Asks: 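Take a look at this one; I'll ask things after.
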Amino acid sequence: MFNLKNKVAVITGGTGVLGSEAAQSLALSGVKLALLTTNKQNGTELVSSIRNSGGEVVLLEGNVLSKSSMEAVRDVVLEKFGRLDILLNVAGGNLPGATIQPNQTIFDIELDDFNQVTELNLNGTVIPSLVFGKVMADQGSGTIINYSSMAVPRVLTRIAGYSASKAAMENFTKWMAVEMATKFNDGIRVNAIAPGFFIGNQNRSLLLNEDGTYTERGADIIRNTPMGRFGEPDELNGALHFLCSDASKFVTGAVIPIDGGFNIFSGV
């Protein structure tokens, strides 16, 4: 039921903290991988590690905001592997100008940064989903997993652009799930995971001081997380394997929180 051997997966943002963890976990289950990055130098150690463990992987440069770039990646993947079973849309991010600093209000937001964050988190999921989703539609099977955030169900202060764009992306996840199931067949599923708080390169300084203690924001998050800690990247793997496999073949349009209880905690 959970067998993924010889499945083929494309992972956008495949060399980041969460993308690389997903890649290594899927590779150990026999999944053949195409990792997308904007700079191949960032993924050389990851690729070597996967290959040394017996995995099959290619590292490709691609721009998730360019349909032609994604189509070029698609052609390489199909030429090498002959099919596509899994798309993980991990690529995303934030910019300082789309974030409200403690001494600012919403009226200080920089619209150029807001637009870039929206484009990356929304269009950066939509475009790969359209390009690789068409492959799945043509072959009659496949699963797309998008990366949402706790910034969607809960109003988190400061990250206005990120929150709005992830909310739009989550809505698109549900919309495309319906579209694929009703106009193609039930072998194509679209879901999302919503990670809680994991330490990565983008948020490390926001959550941790240089000595490893919690910042004020980090302490607030821990106080509102019933499990009382940040997540570890490998704790996303169980949900990913579930959504990638036939164990979830009647699951589509779902958003699974992996957050240590943050989403359900009222704080009182």
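All of these numbers come straight from a predicted model, not from anything done at the bench. Residue numbers start at 1 and run along the sequence shown.
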Asks: Would you say that Ser20 contacts Thr15 through its side chain, given a criterion of any heavy-atom pair below 4.5 Å between the two side chains?
Replies: no
Asks: Below 4.5 Å, heavy atoms only, C-beta onward: do Met227 and Asp259 meet side chain to side chain?
Replies: no
Asks: List the steps, then state whether side-chain contact (heavy atoms from CB on, under 4.5 Å) holds for Phe230 with Asn203.
Replies: CA-CA 12 Å; Phe230 295 119; Asn203 66 2; over 6 Å; no
Asks: Measure the shortest side-chain to side-chain distance between Arg83 and Ser141 over non-hydrogen atoms and say whether it is less than 4.5 angstrom.
Replies: yes
Asks: Quick one: CG on Asn237 to CD on Glu21, what's the gap to the nearest 0.5 Å?
Replies: 4.5 Å
Asks: Are Ser25 and Asp234 packed together at the side-chain level, in the sense that at least one heavy-atom pair is separated by less than 4.5 angstrom?
Replies: no
Asks: Please determine which of Asn121, Asn146, Thr125 meets the side-chain hydrogen bond (donor to acceptor under 3.5 Å, both in side chains) test together with Asn89.
Replies: Asn146
Asks: Residues two or more places apart in sequence or in another chain: which of them pass side-chain contact (heavy atoms from CB on, under 4.5 Å) with Ala168?
Replies: Leu122
Asks: So which heavy atom on Leu26 is nearest to which on Cys244, and how close?
Replies: CD2-SG, 4.4 Å
Asks: Is the backbone N or O of Thr105 less than 3.5 Å from a side-chain atom of Asp108, with the two atoms forming a donor-acceptor pair by type?
Replies: yes
Asks: Rounded to the nearest 0.5 Å, what separates atom CZ in Phe114 from atom CD1 in Ile109?
Replies: 5.5 Å
Asks: Below 4.5 Å, heavy atoms only, C-beta onward: do Val73 and Phe132 meet side chain to side chain?
Replies: yes
Asks: Kindly work out whether a path of hydrophobic side-chain contacts (I/L/V/M/F/W/Y, heavy atoms less than 4.5 Å apart) joins Leu240 to Leu4.
Replies: yes
Asks: Which residue pairs pass the side chain to side chain donor-acceptor pair (under 3.5 Å) test when at least one of the two sits in residues 110-119, sequence neighbours left out?
Replies: none
Asks: Are any non-hydrogen side-chain atoms of Ser129 and Leu87 less than 4.5 angstrom apart?
Replies: yes
Asks: Please find the pair of heavy atoms, one from Gly14 and one from Leu35, that lie closest to each other, and give the distance.
Replies: O-CD1, 4.2 Å
Asks: Over 60° means perpendicular and under 30° means parallel, so tell me whether Phe242 and Phe2 are parallel, tilted or perpendicular.
Replies: tilted
Asks: List for me each residue that meets side-chain contact (heavy atoms from CB on, under 4.5 Å) alongside Arg51, sequence neighbours excluded, and say none if there are none.
Replies: Val47, Val57
Asks: Is a side-chain donor-acceptor pair under 3.5 Å present for Ser248 with Asn191?
Replies: no
Asks: How long is the straight-line distance from CG of Leu130 back to CE of Met70, given to the nearest 0.5 Å?
Replies: 12.0 Å
Asks: Taking all non-hydrogen atoms of both residues into account, name the closest pair between Ala151 and Ile159 and its distance.
Replies: CB-CD1, 3.9 Å
Asks: Out of curiosity, does Ile264 fall in the hydrophobic cluster containing Ile193 (side-chain heavy atoms, cut-off under 4.5 Å, transitive links)?
Replies: no
Asks: Quick one: pull up CD1 in Ile256 and OG in Ser148 and give me the separation to the nearest 0.5 Å.
Replies: 12.0 Å
Asks: Can you tell me how far the CG atom of Leu88 sits from the CD1 atom of Ile145, to the nearest 0.5 Å?
Replies: 5.0 Å
Asks: Please find the pair of heavy atoms, one from Lys5 and one from Asn3, that lie closest to each other, and give the distance.
Replies: N-OD1, 3.1 Å
Asks: Please, which pairs that meet ring-ring contact (aromatic ring centres under 6.0 Å, His included) have at least one residue in residues 162-189, sequence neighbours excluded?
Replies: none
Asks: Which residue pairs pass the side chain to side chain donor-acceptor pair (under 3.5 Å) test with at least one member in residues 208-229, sequence neighbours excluded?
Replies: Thr157-Arg217, Asn209-Thr213, Asp211-Thr213, Asp220-Arg223, Arg229-Glu235
Asks: Any side-chain to backbone donor/acceptor pair from Ser49 onto Glu45? Under 3.5 Å, distance only.
Replies: no
Asks: Measuring only between side-chain heavy atoms, which start at C-beta, is Pro102 closer than 4.5 Å to Arg158?
Replies: yes
Asks: Sequence neighbours excluded, which residues qualify as side-chain contact (heavy atoms from CB on, under 4.5 Å) partners of Ser66?
Replies: Asn63, Ser68, Ser69
Asks: So Leu120 and Val64, side-chain contact (heavy atoms from CB on, under 4.5 Å) or not? Walk me through it.
Replies: CA-CA 8 Å; Leu120 176 57; Val64 294; 4.2 Å; yes
Asks: Could you pull out the closest heavy-atom pair between Glu232 and Phe198, with the gap in Å?
Replies: O-CE2, 3.0 Å
Asks: Can you tell me how far the CG atom of Leu60 sits from the CD1 atom of Ile11, to the nearest 0.5 Å?
Replies: 12.0 Å
Asks: Would the distance check show the side chain of Arg74 and the main-chain N or O of Lys134 forming a donor-acceptor pair, the cut-off being under 3.5 Å?
Replies: no
Asks: Tell me if the CD atom of Gln101 is crowded by more than 12 foreign heavy atoms within 6.0 Å.
Replies: yes
Asks: With a 4.5 Å limit on heavy-atom distance, are the side chains of Leu243 and Ile86 in contact?
Replies: no
